[in-house]
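The figures that follow rest on heavy atoms only: side chains count, while hydrogens, waters and symmetry mates do not.
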Amino acid sequence: MLILDTALAKRAAENRPIRVGLVGAGFMGRGLVNQIVNSTPGMDVVAIANRTVATAVRAYTEAGLEPVEVSTTAQVEAMVAKGVPAVLGDAFALLAAENIDVLVDVTGAVEFGARVTVAAIERGLPVVTMNAELDGTVGPLLAHRARAAGVVLTGADGDQPGVQANLLRFVKGIGVTPLVAGNIKGLQDEYRTPTTQQAFAEKWGQDPYMVTSFADGTKVSFEQAIVANAFGFTVGKRGMYGRDHAGHVDELTAAYDVDELRELGGVVDYVVGAKPGPGIYVLGTHDDPKQRHYLNLYKLGEGPLYSFYTPYHLCHFEVPNTIVRAVDFADAALSPPAGQRVDVVATAKQDLKAGRTVDGLGGYDTYGVAESSPVTRAERLLPMGVAEGCTLVRDVAKDAVLTYDDVTLPPGRLVDALREEQEKLFA
């Protein structure tokens with residue numbers, strides 16, 4: 001990554017910063033604004049669009065800047081030209097501005113994020129997405145559209161999928177064949193709700209629904225699906241293997257059947273409670289006995305699985321790396337090269353009755369589990385990213401996976417059209 005700081009230093013010296021447009025100014029968005037404004041020479045957040053404009057204002061003022069509220073694309077362009085931060089409520093007016101170099105989606109909203117991303121690709125704008133829920137639902141199609149348009153659409157460094165991607169590329173670069181890409185979690189309880197997570201959310205200034213999606217397994221399922229889709233992996237079973245392990249991640253080399261991993265072509269997984277966490281791990285093999293001798297000398301053991309890990313993920317702190325990779329090097333930190341390998345499917349968190357409208361991610365009705373895409377397709381399982389707003393046409397028992405036959409979809413949604421197009425394209 002050291003080449004990135006050199007590129008940014010050159011931009012700073014030439015007074016030619018990367019001009020970032022941000023959509024979304026919640027907890028993670030505010031952190032990213034502060035990081036760029038105060039710690040990333042050679043890059044500026046020139047405009048923020050957020051449904052509640054006051055929240056966008058807060059993101060700037062917390063970083064020490066005073067923005068100006070605008071409402072049109074021409075006004076955005078005028079403020080950017082003057083070097084004055086702009087805030088507005090219309091994301092589409094922002095992404096149409098000609099003097100924006102890159103768009104960052106920090107919304108976490110599937111339908112709205114889809115509309116913003118499609119519009120940005122059509123405009124020819126590179127997109128850095130921190131919207132795992134969108135990426136795990138229609139990411140392969142959006143990546144295909146971006147490639148066709150000649151622009152970069154990429155997941156972000158810092159969050160666990162991006163950290164796994166960087167480690168997977170490193171591991172492959174030294175000749176190791178990765179067979180497990182894993183996520184280290186501190187908690188997994190499928191039945192957590194915004195009520196149970198309210199106090200934690202308030203303590204850290206976060207959204208209780210978002211916090212619940214971390215706790216109930218939905219978020220880790222999306223994160224691992226993204227990694228699987230980018231690297232051609234699958235899941236060992238519905239929901240991943242997922243195990244409790246209080247020891248070191250190195251000890252996980254004895255927990256997997258190597259022949260099974262090879263047959264599957266590599267899997268994504270998670271572990272609860274392992275050390276050092278919260279981070280990620282990659283397990284892989286090496287076919288060269290001479291190199292296995294060296295790996296043993298270098299304290300990685302005798303194999304057949306070797307353990308590599310990163311003991312932290314720093315989320316918004318590393319996103320500027322993704323931005324400069326995309327803008328200056330046309331390099332995606334994380335992007336699916338083909339079709340969906342793993343989906344996240346909606347599973348009933350409680351007994352659900354016919355006529356009920358399913359609530360959102362991290363809510364009271366459903367949690368997401370990772371499933372292989374061939375099974376998802378064959379059983380018509382309902383993707384978690386399209387479940388919100390669906391109306392049940394029959395009762396669904398607790399812990400049953402919802403299917404398309406269990407619901408009616410809300411009319412006119414872009415995400416449903418994209419999902420259908422994705423299935424046809426990669427069938």
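Looking at every heavy atom in both residues, A255 comes nearest to R243 through O-NH2, 3.4 Å. R341 approaches G232 most closely through the heavy-atom pair NH1-O, 3.0 Å. Minimum heavy-atom separation, G24 to I48: O-CG2, 4.4 Å. Minimum interatomic distance between E302 and N296 (heavy atoms only, all atoms of both residues): CG-ND2, 3.5 Å. Closest heavy-atom contact between L381 and Y404: O-CE1, 3.6 Å. The minimum heavy-atom distance linking V180 with Y256 is given by the pair CG1-OH, 3.8 Å.
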Start with the C-alpha gap between L261 and V267, add the side-chain angles, then the distance that decides, and say whether side-chain contact (heavy atoms from CB on, under 4.5 Å) holds.
CA-CA 7 Å; L261 295 176; V267 302; 3.6 Å; yes
Verdict with reasoning, R325 to D157, per salt bridge (Lys or Arg N to Asp or Glu O under 4.0 Å)
CA-CA 10 Å; R325 286 171 74 170; D157 291 287; 2.9 Å; yes
Given side-chain contact (heavy atoms from CB on, under 4.5 Å), test L425 with Q422 step by step and report yes or no.
CA-CA 5 Å; L425 178 65; Q422 179 172 279; 5.8 Å; no
One pair to check against salt bridge (Lys or Arg N to Asp or Glu O under 4.0 Å): R192 and D189. What are the steps and the verdict?
CA-CA 6 Å; R192 294 297 177 104; D189 179 357; 2.9 Å; yes
Under the salt bridge (Lys or Arg N to Asp or Glu O under 4.0 Å) rule, what do K219 and E223 come out as? Steps first, then yes or no, please.
CA-CA 6 Å; K219 193 73 169 183; E223 290 175 340; 5.5 Å; no
Test log, rule salt bridge (Lys or Arg N to Asp or Glu O under 4.0 Å), inputs R238 and E379:
CA-CA 13 Å; R238 180 174 293 175; E379 298 183 10; 3.1 Å; yes
Report the C-alpha distance between T177 and H286 in whole Å, list the side-chain angles of each, state the deciding distance to 0.1 Å, and finish with yes or no for side-chain contact (heavy atoms from CB on, under 4.5 Å).
CA-CA 6 Å; T177 300; H286 205 302; over 6 Å; no
Between V127 and V102, is a side-chain contact (heavy atoms from CB on, under 4.5 Å) present by the stated rule, with each step listed?
CA-CA 6 Å; V127 180; V102 61; over 6 Å; no
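Rounding to the nearest 0.5 angstrom, the gap separating the OH atom in Y367 from the OG1 atom in T347 is 5.0 Å. Here CZ of F222 is found 9.5 Å from CG of L134. Values are rounded to the nearest 0.5 Å. The distance from the CD1 atom of I280 to the NE2 atom of H313 is 10.5 Å, given to the nearest 0.5 Å. To the nearest 0.5 angstrom, N34 atom CG is 12.5 Å from Y60 atom OH. Rounded to the nearest 0.5 angstrom, L402 CG and L352 CG are separated by 6.5 Å. The line from CZ of F233 to CD of Q164 is 9.5 Å long, rounded to the nearest 0.5 Å.
Checked by atom type and distance alone, the side chain of T61 pairs as donor or acceptor with a backbone atom of R58 at under 3.5 Å. Listed for the K172 side chain is no donor-acceptor partner under 3.5 Å among the backbone atoms of P178. Under a 3.5 Å cut-off, the side chain of T212 and the backbone N or O of T193 do form a donor-acceptor pair. Formation of a donor-acceptor pair under 3.5 Å by the K237 side chain with backbone atoms of E371 is not found in this model. In this structure, R292 contributes its side chain and G303 its backbone to no donor-acceptor pair below 3.5 Å. Counting only distance, with no hydrogens or angles, the side chain of D101 and the backbone of I18 share no donor-acceptor pair below 3.5 Å. A donor-acceptor pair is defined here as one N or O able to donate and one able to accept, closer than 3.5 Å; such a pair exists between the side chain of T403 and the backbone of D405. Side-chain atoms of N229 come within 3.5 Å of backbone atoms of V342 as a donor-acceptor pair (strictly under, hydrogens ignored). Although no hydrogens or angles enter the test, the distance criterion places no donor-acceptor pair under 3.5 Å between the side chain of D351 and the main chain of A397. Side-chain atoms of N50 never come within 3.5 Å of backbone atoms of V53 as a donor-acceptor pair (strictly under, hydrogens ignored).
No more than 12 heavy atoms of other residues, nucleotides or ligands sit less than 6.0 Å from atom CG of N15. Within 6.0 Å of CZ on F426 lie more than 12 heavy atoms contributed by other residues, nucleotides or ligands. Other residues, nucleotides and ligands place no more than 12 heavy atoms under 6.0 Å from the CZ atom of F317. Other residues, nucleotides and ligands place no more than 12 heavy atoms under 6.0 Å from the CD atom of E263. Remark: R51 CZ is loosely packed, at most 12 non-hydrogen atoms of other residues, nucleotides or ligands lying under 6.0 Å away. Enclosure of atom NE2 in H293 is not indicated, since only 12 or fewer non-hydrogen atoms of other residues, nucleotides or ligands lie within 6.0 angstrom. Within 6.0 Å of the OH atom in Y294, the count of heavy atoms belonging to other residues, nucleotides or ligands does not exceed 12.
Salt-bridge annotation for D44 and R19: absent, with no side-chain N of the basic residue lying under 4.0 Å from a carboxylate O of the acidic one. For R262 and D259, the salt-bridge test passes: some basic side-chain N is under 4.0 Å from an acidic carboxylate O. For E190 and K398, the salt-bridge test fails: no basic side-chain N is under 4.0 Å from an acidic carboxylate O. R11 has a carboxylate O that lies under 4.0 Å from a charged side-chain N of D328, or vice versa, which qualifies the two as a salt bridge. Between D331 and R169, at least one side-chain N (NZ, or NE/NH1/NH2) sits under 4.0 Å from a carboxylate O, which counts as a salt bridge.
At a cut-off of 3.5 Å, with distance as the only test, a side-chain donor of Q340 or D343 sits close to an acceptor on the other residue. Side-chain contact of Q224 with Q160: a donor-acceptor pair under 3.5 Å is absent, judged by distance alone. For the 3.5 Å distance criterion, the side chains of E202 and Q198 qualify, holding a donor opposite an acceptor. Y306 and D250 share no donor-acceptor pair across their side chains, judged by distance under 3.5 Å alone. Side-chain atoms of D365 and Q350 form a donor-acceptor pair, as typed in the model, at a separation below 3.5 Å.
Taking 4.5 Å as the limit, every side-chain heavy atom of H144 sits out of range of all side-chain heavy atoms of S335. Proximity of V268 to T234: side-chain heavy atoms (C-beta onward) are nowhere separated by under 4.5 Å. A heavy-atom distance below 4.5 Å is found between the side chains of V358 and T366. Annotation: side chain of V116 is in contact with side chain of L95 (closest heavy-atom distance under 4.5 Å). Residues L382 and V401 form no side-chain contact, since every pair of their non-hydrogen atoms from C-beta on lies 4.5 Å or further apart. Residues P194 and Y364 are in side-chain contact: their nearest non-hydrogen atoms beyond the backbone lie under 4.5 Å apart.
Listed by chain and number, the residues in a side chain to side chain contact (heavy atoms under 4.5 Å, CB included) with V118 are E122, L142, R145, L414, L418 (sequence neighbours excluded). H245 pairs by the ring-ring contact (aromatic ring centres under 6.0 Å, His included) definition with nothing, not counting sequence neighbours.
Applying the side-chain hydrogen bond (donor to acceptor under 3.5 Å, both in side chains) test to residues at least two apart or on different chains, the pairs with a partner in residues 107-118 are D105-T107, T107-N131, E111-R115.
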